[in-house]
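Everything on this sheet refers to the single structure shown next.
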Amino acid sequence: MIEFKGVYFSYVPGEYVIKNINLFINRGEILAILGGNGAGKTTLVKHINGLLKPQLGYVKVLGMNTKEVSVAKLAKQVGLVFQNPDHQLFAETVEKEVMFALINFGFPPEEIKSRTEKILRGLDLIEYKDRSPFTLSGGEKKRLALAAVLCYDPSIIILDEPTTGQDYNQKRNLAKLLKRFNEEGKTIIIVTHDIEFVADFIPRCIIMSNGEIVADGPSDDILTRGELLMANKLLMPQLVEICYELSINPPSIKFDVVLSKVRAIMKGEI
Amino acid sequence: MRVFSFQYTRKSSIIHKIDPRAKLVYLILFTILVVYYSNPIILFLIFLSSIPMVVLGKVIDRWKISIRSALFFIIFIFIFNFIGIFWSTGSLEYSIILSIAMSIRFIALISIFSAFFLTTSPEDLMQSMVQLKIPYEYALTFNMSMRFVPTLTRELQIIMDAQKSRGLELERGNILQKVRKYIPILVPLIINSFRRAEMIADAMESRAFGASKERTSFYTLTMGRKDYIFIIVSFISFFAILSLKLFFGIG
Amino acid sequence: MAIVEIRNLTYRYPGSTKPSLYNINLSVDEGEFFLITGPSGCGKTTLCKCLNGLIPNSYGGDFDGEVIVDGLSTKNHPVYIIAQRVGLVFQDPENELFCTSVEKEIAFGLENLGLPREEIRKRIEETIAMMGISHLRDRAPYELSGGEQQKVAIAALLAMKPKILVLDEPTANLDPFSSKSVLDLLSRLKGEFGMTIILVEHRLEIVAKMADRCAILNNGSIALIGKPEEVLYSDEAEAIGIGIPKVVRLTKALGIKNRPLSSKSLANFIMVRK
Ligand SMILES: Nc1ncnc2c1ncn2[C@@H]1O[C@H](COP(=O)(O)OP(=O)(O)OP(=O)(O)O)[C@@H](O)[C@H]1O
Ligand SMILES: Nc1ncnc2c1ncn2[C@@H]1O[C@H](COP(=O)(O)OP(=O)(O)OP(=O)(O)O)[C@@H](O)[C@H]1O
Ligand SMILES: [Mg+2]
Ligand SMILES: [Mg+2]
């Protein structure tokens, strides 16, 4: 589905920003990419819709080698939402902002109308449809940027830092929305610094450091490995920290699991 | 996306250490020469005279980028000049020579300016402007606009990537359609620039910008031996090239 | 002794129809670490700008009530006067640093104040030593990592010897490790130098235990204010929808009477009970 094989990329000749990336993502998976500032996360995901092409190795998406197809063709399958909505909002109204991609991809007029309406409803933006995108709040802009990509129904959705500047309710809504899309069979990749968000909502995660993938696996395994996280500029989720403090073994990222273990400790069972 | 890469990079070289005011003398003198002459050979000579600075300043790579992008514009400059001159004079030979001269003049100018800006830190330049009694606010504005060039280029890249990801194809279509396609890129770029300007203004005010009429200059530039030597060498080369016309009638 | 005193502050941006801050009353004591949090768009940034006088002096708009810092009312004094008492750190370090070396960045504010050269030299040395950034001294700020940039921004303000440091989501774009090191630095500034710190932050897991007091802003008004444990353990906090740390959720679910804010203290309470 998405396959990276021995991928290297550099912006400045000789200084590889991502190195020897081998990665396989199945249809319908939902996963997070974690790592310190400058680890190469954004660079990696830009390879999936062909904005960047590997200098060594190859990237295959839905059977297409990204070197052989145009960004426009890939973009229709791979929706990439950038971190800062201010880098892409430009239209006079919220509605037109959403229609932009639909027009680019040549959808018929009736469908453009119906899809725009549907996604604006889905993301609670319908009441703003005639407002200028620039008058929206930070959180709303972020949702609009998401709507502007989700509208054309890409089968792979990539979000770069979707949770910055969002409050807890908005994050939870985002997680719900992504879950819904995931259940419809979409593949979802989230780049983030927000460990608590990943621990709460995302089942698989990848850790990057210095351009390399240093860990890849289920979140309830990776996020409980304290030394691994600390060595890669991350911190433990607070539940895991609590497990370490109380020597609960194995540690867990699940609230209910930790709760019952702590109860057991308090009753003197452990 | 890099056009005329005038962006200063920090390096240590003899040329970097020369006082900006001394380099400003060079810049002015040689710009005068470039404008004054229209003989292709002498213009080429002036162009060559900027190369030692580039080499000693260790900025060959970036200079090459400037020259390469200048070569691209040359084609237009040559064609437009040729058509214009041929139209008004009707002389083929004259038109060709003059158009070549115009093209070399352009390259020489780019080369001289690159040599200057690539080896002069915007801040030192600002300081020398202040010491030359240009008001601090103007000098600072200039410094800022240099400082934020790379930020802006990076932002442009991100915006283009973001819109391409939404299916924008810049290459397709006729000229009119192409121009329209730049709207989704220019609008965010402009809006972000304003927003950035506002944020920078806030940050500056928060550091007591404008507090004292007598702003201290902690870093002052003082001209030393090497700077005077540089100025003298610039003047000698200037008069040497000028004498070609004045005494030998060449050019 | 209150060093920041906000009285009946209501503020509306020029061109806006409704106020972004509504009837705020707040006082912060000297040497206090005060945490502000709240949902997106609730007015946190606006409040920060009120604290150093950018609002109303540079923004205009309708400004009602009074903000008094270190005895000065912000509406009667230009920003550069207030700025010497209140250092403001922004969310995006890229736009608050504009010099070509860290040293020059630190000198900028001091030059603006028109201090004598010797004094500037002395303060640069002091600040660099205090922040432990001598290795960055000659680097260009825009080449540094986000965490380093925020430290430089803080250093540049500290050199001006403000009594109060206000930080607006200083870690929003930083990775967890860099965030923690910036936040730990703040705790040190309070502990070792008695700085008054007012911090806007969402990462309550890290920061709640550092704060002396905390306020939740909602829709432009202060919804809750008090000791962090009082605020975070209240039911209103949950309803407003800030990210309640797991320690708090767990403690509540366990029905423990104490109100720990860090994993360590929760563990202690549990071990003691046992
Ligand atoms: N357009 C570019 N030109 C040159 N270097 C770049 C460019 N974009 C990124 N880099 C460099 O590549 C490295 C990896 O950057 P990238 O943006 O992929 O990191 P990231 O993991 O997304 O970091 P962050 O968490 O800060 O977003 C960094 O060292 C960065 O400075
Ligand atoms: N320059 C401005 N002009 C007009 N209205 C503004 C301006 N800046 C902010 N606002 C409005 O004021 C309100 C509060 O904004 P503010 O930026 O203070 O929120 P915030 O709590 O910092 O949010 P966030 O968590 O997203 O940073 C919002 O409704 C916003 O739209
Ligand atoms: Mg990134
Ligand atoms: Mg804010």
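What you are looking at is a predicted structure, and each value in this text was computed from that prediction instead of being measured.
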Charged N to carboxylate O below 4.0 Å: is that the case for C:Asp184 and C:Arg188?
no
Bottom line for A:Ile195: the part with an atom under 4.5 Å from chain C's heavy atoms is side chain
Strictly below 4.0 Å, N to O, side chains only: are A:Glu241 and C:Lys246 in salt-bridge contact?
no
Among A:Asn37, A:Ile242, A:Leu34, A:Val258, single out the residue with the greatest number of heavy-atom pairs under 4.5 Å to chain C.
A:Asn37
Partners passing salt bridge (charged side-chain N to carboxylate O under 4.0 Å, His left out) against C:Glu238 (at least two apart in sequence or in another chain)
C:Arg249, C:Lys252
Cut-off 4.5 Å, heavy atoms of chain C, and the answer for A:Glu161 is neither
For chain A, the option from C:His202, C:Gln91, C:Lys264 that forms the most heavy-atom pairs under 4.5 Å:
C:Lys264
Under 4.5 Å to a heavy atom of chain C? For A:Gln83 that would be side chain
In terms of heavy-atom proximity below 4.5 Å to chain A, should C:Ile242 be classed as side chain, backbone, both, or neither?
backbone
C:Asn173, part contacting chain A, at a heavy-atom distance under 4.5 Å:
both
Just checking, any donor-acceptor pair under 3.5 angstrom between side chains of C:Gln150 and C:Thr171?
no
What is the distance from atom CG of C:Leu224 to atom OG1 of C:Thr37, rounded to the nearest 0.5 Å?
11.0 Å
Would you say A:Thr135 and A:Ser132 are linked by a side-chain donor-acceptor pair, where the criterion is simply a distance under 3.5 Å?
no
For residues A:Tyr244 and C:Ser263, is any side-chain donor paired with an opposing acceptor at under 3.5 Å?
no
Region of C:Ser145 that comes under 4.5 Å of a non-hydrogen atom in chain A:
neither
Tell me, out of C:Val247, C:Asp175, C:Ile256, who's got the most heavy-atom pairs with chain A below 4.5 Å.
C:Asp175
Of the backbone (N, CA, C, O) and the side chain (C-beta and beyond), which part of C:Ile244 lies under 4.5 Å from a heavy atom of chain A, both, or neither?
neither
Which atoms of C:Ala253 are under 4.5 Å from chain A, going by heavy atoms: the side chain, the backbone, both sets, or neither?
both
If you tally heavy-atom pairs under 4.5 Å between each of C:Ser40, C:Gly243, C:Ser179, C:Gly147 and chain A, the highest tally belongs to C:Ser40
Find the distance between CG (A:Leu229) and CE (A:Met236) and round it off to the nearest 0.5 Å.
7.5 Å
Answer with side chain, backbone, both or neither: which region of A:Asn232 has an atom nearer than 4.5 Å to a non-hydrogen atom of chain C?
neither
Partners of A:Lys171 by salt bridge (charged side-chain N to carboxylate O under 4.0 Å, His left out), sequence neighbours excluded?
A:Asp194
